[in-house]
Q: 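This structure is in structure tokens; I'll ask about it shortly.
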Amino acid sequence: MATRIYVVVTLFLVTCSHAAFTQTTTGSISGIIRTITGERLSGAVIKLMHEPTGSAVFTLTNRQGIFRIDNLSPGGPFTLEASFLSYFKEKKTDISVGLGEETITDLFLTPAELKLQQVTVKGIRSIPVGRNGIDIIMDKEKIEQVSAVGRNLYDYLHSARQARILAGNEGAVSFAGQNNRFNAFYVDGAVNNDVFGLAASGTNGGQAGISILSADAIEQLQVSVSPYDASLGNFTGAGINAVTRSGTNRTQASVYHFFSNRKLMGTSEADAAPTEYYRNIYGLRVQGAVKKNICFYFVNMEMQRENFTQPYLFSRYSGDTRDENVFSILRNSLRSNQHYDPGNFLSRSEQVNAERIVARYDWRINPGNHISLSTRYMHGEKIFSNAGDEYTIQYSHNGYLLLSTNLSATLEWKTHMG
């Protein structure tokens with residue numbers, strides 16, 4: 001008997017420990033249903049419709065006329081409808097749900113015997129952001145409006161009040177003065193931190209400056225700083241929580257190309273010689289429904305190609321050998337005698353090649369059960385070349401290669417009980 005109790009307790013603790021490493025991926029809607037005279041209605045029928053997928057959730061108000069619906073996918077739009085015997089139905093449309101937030105919407109019902117030409121519907125109010133410690137929430141529309149040259153996930157955190165971007169440090173960001181490695185990064189509720197701990201950004205691929213997730217695959221991005229909510233944790237800087245997009249009843253496809261080069265950037269007077277530079281990001285996004293109102297899919301594929309070439313001015317070299325031809329002769333000798341090409345000593349280059357894939361499948365079994373499966377794959381490499389200085393000549397092939405590959409998956413089951 002004691003052994004059986006020990007096993008049960010152990011399983012419970014293991015389950016709790018795993019739950020502590022997950023982050024919220026949903027939002028909620030609540031409110032009060034009243035008459036036009038202010039009386040609260042107990043037992044009013046509440047219907048909440050998710051317009052893109054056509055799925056509906058039903059509930060009833062309690063004795064105080066209050067309703068609450070949890071486990072809602074962030075975004076929207078949602079349509080809220082309230083009905084009660086001998087009262088006209090009231091409806092509120094274009095409701096948006098924030099990630100990790102509670103949206104409050106109150107409705108006022110009019111008695112059926114009264115014929116009013118205009119019905120007053122109280123607008124939406126949200127819980128004050130400061131209470132949750134949430135500094136910023138960005139949906140896909142806001143992400144599209146923000147200018148981010150590299151389309152790196154951390155480029156979208158500049159607008160956070162407590163954020164400080166550390167220049168020249170692999171896109172590292174510090175929140176509220178904390179160490180940049182004290183942040184936690186979640187995708188669809190699962191932790192995606194750099195487990196080795198060397199990336200200053202705290203994410204896989206950070207050392208190579210590669211984003212683990214395409215910006216085009218994000219539904220909402222949430223940043224939590226010093227939250228009081230016990231469900232948010234495992235960080236002392238900020239909790240960065242990203243939720244991927246899901247499919248809708250409407251089939252959509254998008255092809256995009258973001259690019260930048262030296263001509264677009266311009267050349268300053270301080271540049272001693274022209275620098276070769278280009279960045280290209282190619283992407284494809286497809287979403288739709290396998291079965292309308294029930295099964296949905298979303299797929300995003302992205303490819304990044306980047307090259308940066310920095311010239312080396314030999315006139316700045318102050319070593320013993322001042323003849324440039326000597327280093328060319330050395331290079332030719334290595335190529336012919338040792339069959340090794342050391343590269344060019346008058347320039348150095350850095351290259352970034354990366355591929356990212358995000359796939360998500362949503363199955364709405366019934367109004368109270370929703371299963372989501374999302375997978376994310378990222379493979380990237382960055383080639384570094386050591387830079388020469390006034391005392392050292394560096395050939396371009398004297399460098400190193402950083403490889404980063406990440407594959408993760410999340411299975412989530414949302415259910416309404418009771």
Side-chain angles (χ1 to χ4, degrees), residues 18-27 71 73-75 98-101 134 136-140 142-143 148 150-157 160 171-173 175 181-197 199 201-206 208-224 227 231-235 237-247 283 285 287 296-302 304 354-362 370-380 404-414:
H18 281 284
F21 286 94
T22 60
Q23 195 80 331
T24 179
T25 61
T26 61
N71 291 334
S73 300
L99 176 60
E101 281 194 332
I134 298 175
I136 180 175
I137 292 182
M138 300 184 67
D139 55 20
K140 56 182 180 291
K142 292 182 180 179
I143 290 176
R151 299 282 290 177
N152 194 304
L153 188 62
Y154 276 81
D155 293 340
Y156 297 93
L157 302 178
V173 56
F175 286 91
R181 287 183 171 85
F182 290 173
N183 302 324
F185 180 63
Y186 301 87
V187 179
D188 289 338
V191 63
N192 276 259
N193 290 346
D194 171 30
V195 295
F196 202 61
S201 64
T203 60
N204 297 314
I210 300 173
S211 176
I212 192 176
L213 188 65
S214 169
D216 204 66
I218 299 176
E219 175 69 31
Q220 283 197 13
L221 181 65
Q222 175 199 60
V223 179
S224 300
S231 65
L232 308 178
N234 299 312
F235 61 88
I240 304 166
N241 192 16
V243 174
T244 57
R245 291 191 185 188
S246 59
R285 170 172 55 86
Q287 64 186 63
F296 311 92
Y297 67 89
F298 171 84
V299 178
N300 173 257
M301 295 180 289
E302 190 172 271
Q304 177 181 348
E355 293 81 32
R356 289 176 284 266
I357 300 176
V358 176
R360 175 164 175 159
Y361 179 79
D362 290 87
H370 175 197
I371 293 179
S372 299
L373 173 63
S374 63
T375 58
R376 299 161 296 276
Y377 171 79
M378 183 276 293
H379 173 76
S404 180
T405 302
N406 184 75
L407 176 62
S408 62
T410 304
L411 177 63
E412 184 177 20
W413 177 22
K414 306 172 188 175

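In what follows, residues are counted from 1 in the order of the sequence shown. As the structure is a prediction and not an experimental result, all values here were calculated from the model.
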Q: Tell me, please, which residues at least two apart from T375 pass side-chain hydrogen bond (donor to acceptor under 3.5 Å, both in side chains).
A: none
Q: Specify the closest pair of heavy atoms between Q287 and G247, including all atoms of both residues, with the distance to one decimal.
A: CB-CA, 4.2 Å
Q: Can you tell if the side chain of S404 reaches within under 4.5 Å of the side chain of I210, non-hydrogen atoms only?
A: no
Q: Could you grab the distance from atom CG of N192 to atom CZ of F185, nearest 0.5 Å is fine?
A: 6.0 Å
Q: Only counting residues at least two apart or in another chain, list the ones meeting side-chain hydrogen bond (donor to acceptor under 3.5 Å, both in side chains) with N71.
A: none
Q: Do the non-hydrogen side-chain atoms of T244 and T410 ever get within less than 4.5 Å of each other?
A: no
Q: Say you draw a straight line from OG of S214 to CE of M378; how long is it, rounded to the nearest 0.5 Å?
A: 12.5 Å
Q: Give, for atom CD1 of I218 and atom CG of D188, the distance between the pair rounded to the nearest 0.5 Å.
A: 10.5 Å
Q: How long is the span from the OG1 atom in T405 to the NE2 atom in H379, to the nearest 0.5 Å?
A: 4.5 Å
Q: Return the set of residues passing side-chain hydrogen bond (donor to acceptor under 3.5 Å, both in side chains) with E219 (not counting sequence neighbours), or none when no residue passes.
A: K140
Q: If we only count heavy atoms from C-beta on, is the I371 to L411 side-chain gap below 4.5 Å?
A: yes
Q: Using a 3.5 Å distance criterion without hydrogens, assess whether the side chain of R356 forms a donor-acceptor pair with backbone atoms of S211.
A: yes
Q: Taking the side chain as every heavy atom from C-beta outward, state whether R376 and L213 have any pair of such atoms under 4.5 Å apart.
A: yes
Q: If you look at every heavy atom in V243 and P74, which pair is closest and at what distance?
A: CG1-CG, 4.0 Å
Q: Once rounded to the nearest 0.5 Å, what's the spacing between atom CG of L373 and atom CD of E412?
A: 11.0 Å
Q: Which distance, rounded to the nearest 0.5 Å, do you find between the CG of D216 and the CE of M301?
A: 12.0 Å
